[in-house]
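Just so we're on the same page: letters track the sequence lines, and every chain starts at 1.
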Number of protein chains: 4
Amino acid sequence: MHEGFDLSPPFFELGPKAYLYGRGVLELAKAADRIGRRYQVRILFTPQYVDIPLVAHETGYIHVFAQHMDSIPIGRGIGSVLPEALREAGAVGVLLNHAEKRLSLSEINRTIKRADEVGLATLVCADTPEEAAALAHLAPNIILAEPPELIGSSQTGVTGRDYVARINELIRSIDPRIRVLHSAGISGPQDVADIVSMGAEATGCTSAVIKAENPAAMLEAMIKAMREAWDKTRS
Amino acid sequence: MHEGFDLSPPFFELGPKAYLYGRGVLELAKAADRIGRRYQVRILFTPQYVDIPLVAHETGYIHVFAQHMDSIPIGRGIGSVLPEALREAGAVGVLLNHAEKRLSLSEINRTIKRADEVGLATLVCADTPEEAAALAHLAPNIILAEPPELIGSSQTGVTGRDYVARINELIRSIDPRIRVLHSAGISGPQDVADIVSMGAEATGCTSAVIKAENPAAMLEAMIKAMREAWDKTRS
Amino acid sequence: MHEGFDLSPPFFELGPKAYLYGRGVLELAKAADRIGRRYQVRILFTPQYVDIPLVAHETGYIHVFAQHMDSIPIGRGIGSVLPEALREAGAVGVLLNHAEKRLSLSEINRTIKRADEVGLATLVCADTPEEAAALAHLAPNIILAEPPELIGSSQTGVTGRDYVARINELIRSIDPRIRVLHSAGISGPQDVADIVSMGAEATGCTSAVIKAENPAAMLEAMIKAMREAWDKTRS
Amino acid sequence: MHEGFDLSPPFFELGPKAYLYGRGVLELAKAADRIGRRYQVRILFTPQYVDIPLVAHETGYIHVFAQHMDSIPIGRGIGSVLPEALREAGAVGVLLNHAEKRLSLSEINRTIKRADEVGLATLVCADTPEEAAALAHLAPNIILAEPPELIGSSQTGVTGRDYVARINELIRSIDPRIRVLHSAGISGPQDVADIVSMGAEATGCTSAVIKAENPAAMLEAMIKAMREAWDKTRS
């Protein structure tokens, strides 16, 4: 865990994956920066590697995370992503072990240690409650829990509600410093409000924002819903 | 093959791998830019992904190549390197299949096609003469032939001499448009002069430059040796 | 190329993948053995690793191939498939680089050399004509050409006809000793007859046999069609 | 966890990796079978896949484990190791995530579930105490803890002693049903006695046995030492 990383809930992860790049991703990053500041919701934003420097330079409120990095030390490793290079380019954290970029257990462990060493926060993905519990022993800053069975389903049912609380408690019992982001097929503002009201302090989205007719407007609606649900349930 | 890529010999690949990043890599890139222009030797320069935009922006003569990319289309693919993003960030080409980042045969094929599509030149590594011949059927812009048995050996012997000519002819017989870069443990200016005099129109280096007391001075000595050997043997 | 491997056309690859194992795969292997002998069509049969010894012991006419192997030497390598172990277990060859088990170009090269060394024939998969040409430089015994665009299509059209002949000529021009197996969504005896009449000396199948109500009967119909088409077009 | 798997301590893992195969591995397996029975120490034996059927058939006391398997269901997957095929071939368990065959966290999770489903015990490797704790949430039958810092060191020091107990307690606090195998550069009978006296209920070895002038004699000396140390410290 990078202990210097300060992050107050509620927060939101917006992942442009390989959908956006260059001017397109910069425009969305600037909108996210403005929206996050307005609602006081910190947005973790994960552009393509080459877009990290400009996005970091042109924004001030969002947290720029890389989509992946390697645990290699300075030296050889053509094609790898060096932790020190990310840091100097302006990233403040890194996403690890997403379903589209799986890592071995020992590589996750080594990469979290490297991130701690260079001062990058870690956001590590888990498929299931038991994988989330396993990852909690490796002390990342944030665990992104994305239960496959909730994806595409309505999260307002009793099962979903139990699920969020159960994962939160499980992780808290292992390491209470770890924050938990619950991602589960968020398709609009109501989903965001629902998952926050179930106990989530963070959630995230890719396609519902990227593919919206007006991505900035959709993002703003979600962030506004998050702020309102948070203020209602946590005060 | 990206047909719009124009590259006259002699040329040189300088690969900082994960040794340099940020200000350090920018300084070396600027030196390479100045040295390449002075001796009219084009240098292919492969920084970390995040350093591509600044290196491309601050130089004008060197060719900025990425160390790797993926064949994915615009869309999903967290942690992948999107061809379009490299191009917009200022890269003009990409290194593929280095010994530190092996690709399957079909992924090499798909990635060369993607590079052609977005307008990036391809520099693809081969271990052996038969792998170089194999790659020639996939029409990259440049094949980097790095025979393991020559690494660390003296290339001035008869075997080495035969080797360079034999690979050149083999590749030319399959696709005469492909340029060939012969890399083989280049440790100083004499090695560069030797390999050019054996028939190579390009070579390259990482550690002998990066680890030199004065990297820019070592690079300049190599590039000067290349220009002189080229002018002597090709005119 | 394992030069001691003798294989006369026509021949046929039957791949049970991970559909069959134990008694089920043994039963199909025995049927293939009987059918192959009856029509004098050699069948290459690729069971799960653990089923190689029994299948090899209980059959005499089919050629038992492993589904994959590693290029490692005798020594370390937990979870790897050692070439010498396959050979001693009764395999006479190995399938490499299938779409479900891609290998890097240099690993294909090393593995073919290891197969030659221990005396195993190699059957290496290619997606496209240019990949088939590339592989021909690595001298496998057989190239399995499986053009994605033909899969599921009717092969009797002019394009398909050209395609088979074009791949055969391309590979022959590089190394005339290599045999070519054309696989392309074979779904019944007519497809087998068609592809043989277009110039293929070998083809193969998995799902149309495995999922047939009576796999042995479907296999026999295909092998009979292959023999008849071969005798008609090659005499 | 495959609940039907019964294993009383002390036990020992003997891994021939890719050092032995065919007649050679069968001979060692038979010796292990005789020695294990004599000293009532269960030996987990992990041959090459193709050697599983014969080793399982010719022995009765040792537990035959595969070196790896895949989580795939019956169906496609050329080159994969199907769980059902291992089981029918006579394996009773499977080794997973060895340093020579790393798996992603989610693949470990899925593969343990598949093993439970078909009735195979799981022996899963961890590099560090935190990785061992992580794996305990996935409920394998056995965790193989192989701390890199102990490999090649003397385990009789205070640090080593603490280490064994600390890992045991950590895993027991998460799931007391999981057995723990401590492996750490065992080079002879004294190392075995030492680690058992430090609290280990299981250990294992590859090279010190395989490379001994007389492997069966070395194995017997280790197993005898294990039995004696166990009887002295546990009664």
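- Every residue meeting the side chain to side chain contact (heavy atoms under 4.5 Å, CB included) condition with Pro10(B), not counting sequence neighbours, appears here in chain and number order: Val41(B), Met226(B), Arg227(B), Trp230(B).
- Interface residue Ile78(A): backbone and side-chain heavy atoms are both found under 4.5 Å from chain B.
- Options Pro47(A), Ala85(A), Ala89(A) differ in how many heavy-atom pairs under 4.5 Å they form with chain B, and the most are formed by Ala85(A).
- Looking at Val81(B), both its backbone and its side chain come within 4.5 Å of chain A, counting heavy atoms on both sides.
- When each of Gly22(A), Gly77(A), Gly75(A) is scored by its heavy-atom pairs under 4.5 Å with chain B, the top score falls to Gly75(A).
- Residue Ile52(A) holds its CD1 atom at 11.5 Å from CD1 of Ile52(B), rounded to the nearest 0.5 Å.
- Ranking Leu54(A), Ile72(A), Val50(A) against chain B, the residue ahead of the rest is Val50(A), based on heavy-atom pairs under 4.5 Å.
- With sequence neighbours excluded, the residues forming a side chain to side chain contact (heavy atoms under 4.5 Å, CB included) with Ala56(B) are Val64(B), listed by chain and number.
- Heavy atoms of Leu95(A) lying under 4.5 Å from chain B belong exclusively to its side chain.
- Within the structure, no pair that satisfies the salt bridge (charged side-chain N to carboxylate O under 4.0 Å, His left out) test touches residues 60-69 of chain A, not counting sequence neighbours.
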Check chain B against chain A and list any donor-acceptor pairs under 3.5 Å.
| from | atom 1 | to | atom 2 | distance (Å) |
| --- | --- | --- | --- | --- |
| Ala18(B) | N | Gly75(A) | O | 3.0 |
| Ala18(B) | O | Gly75(A) | N | 2.9 |
| Tyr19(B) | N | Gly75(A) | O | 3.1 |
| Arg23(B) | N | Glu88(A) | OE2 | 3.0 |
| Gln48(B) | OE1 | Leu82(A) | N | 2.9 |
| Gln48(B) | NE2 | Ser80(A) | O | 3.2 |
| Tyr49(B) | OH | Gly79(A) | O | 2.7 |
| Gln67(B) | OE1 | Gly79(A) | N | 2.8 |
| Gly75(B) | N | Ala18(A) | O | 2.9 |
| Gly75(B) | O | Ala18(A) | N | 3.0 |
| Gly75(B) | O | Tyr19(A) | N | 3.1 |
| Arg76(B) | NE | Glu100(A) | OE2 | 3.0 |
| Arg76(B) | NH2 | Glu100(A) | OE2 | 3.0 |
| Gly77(B) | N | Glu100(A) | OE1 | 2.8 |
| Ile78(B) | N | Glu100(A) | OE1 | 2.7 |
| Gly79(B) | N | Gln67(A) | OE1 | 2.8 |
| Gly79(B) | O | Tyr49(A) | OH | 2.8 |
| Ser80(B) | O | Gln48(A) | NE2 | 3.2 |
| Leu82(B) | N | Gln48(A) | OE1 | 2.9 |
| Glu88(B) | OE2 | Arg23(A) | N | 2.9 |
| Glu100(B) | OE1 | Gly77(A) | N | 2.7 |
| Glu100(B) | OE1 | Ile78(A) | N | 2.7 |
| Glu100(B) | OE2 | Arg76(A) | NE | 3.1 |
| Glu100(B) | OE2 | Arg76(A) | NH2 | 3.0 |

